[in-house]
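Note sheet for the following structure.
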Amino acid sequence: MSSQFTKTILRLQLPTDPRWVNIAEKNIEEILVDHAYCEQKAATSGISLIVKYPDKTRLVEEMTDLVAEEWSHFERVLAELKKRGWGLGRNRPDEYVVELTKHIRKGGLRERQLMDHLLVNALIEARSCERFKLLWKNIQDEDLQKFYYELMVSEAGHYVSFVKLAKEYMPADVVDARLKELLEIEAEIIRNLEPRPDRMH
Ligand SMILES: [Fe+2]
Ligand SMILES: [Fe+2]
């Protein structure tokens, strides 16, 4: 079921290494800290899109809602840390996001660049969603199970919204073709990253 969900719904080409969830559970403080920063970065990325494309009304509206939602996720992760007597640790480099972001093409049509940016964000949402599903299904802590379930649902919605939004600004067939390319690229990035005990990705 898990790999069906990964492949058909999220369309991710490579399921997460099953070892990841085991090492993640043993390092839940590190995972929560990294997760908090993922939410912060998701909010920041939404703000950057607003600043970069203020003329795209639909984008500005959708990003405004998204930023609020990602920020509420950030608050919720902080609360989970606090509940366990932990604080927000240092931010770490996010190799996965850095590698993926390299595929946002510079120059050319402004809308093409926007499409790439939206699709990269869509893939980060999809992968996060897949990981939340693994955590929800496998982790022992019942509070965290519920928490990860809710985030999985929310990030799945963001994935769909980002792809839809890209189609507002570029023809649907162009978006689908680029999404297909980026899905391949994303799988290659995941293939080359060792599952780490202190990273969401
Ligand atoms: Fe989020
Ligand atoms: Fe999200």
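For ligands, and for the atoms within them, numbers begin at 1 and follow the listed sequence.
Proximity of Val60 to Tyr53: side-chain heavy atoms (C-beta onward) are nowhere separated by under 4.5 Å. By the 4.5 Å heavy-atom criterion applied to side chains, Val160 and Glu125 are not counted as neighbours.
Metal site remark for the Fe ion (ligand 2): Glu155 contributes an N, O or S atom at a distance under 2.8 Å. The Fe ion (ligand 1) has no N, O or S atom of His158 inside 2.8 Å of it.
With respect to the Fe ion (ligand 1), Glu39 has OE1 as its nearest N, O or S atom. As for His73, its N/O/S atom nearest the Fe ion (ligand 1) is the one called ND1. For Glu70, the N/O/S atom at the shortest distance from the Fe ion (ligand 2) is named OE2.
Put simply, the side chain of Asn138 gets close to the backbone of Leu134: a donor and an acceptor are under 3.5 Å apart. Panel note: side chain Thr44, backbone Gln40; a donor-acceptor pair is recorded below 3.5 Å.
Among Asp17, Thr16, Asn22, the single residue meeting the side-chain hydrogen bond (donor to acceptor under 3.5 Å, both in side chains) criterion with Arg19 is Asp17.
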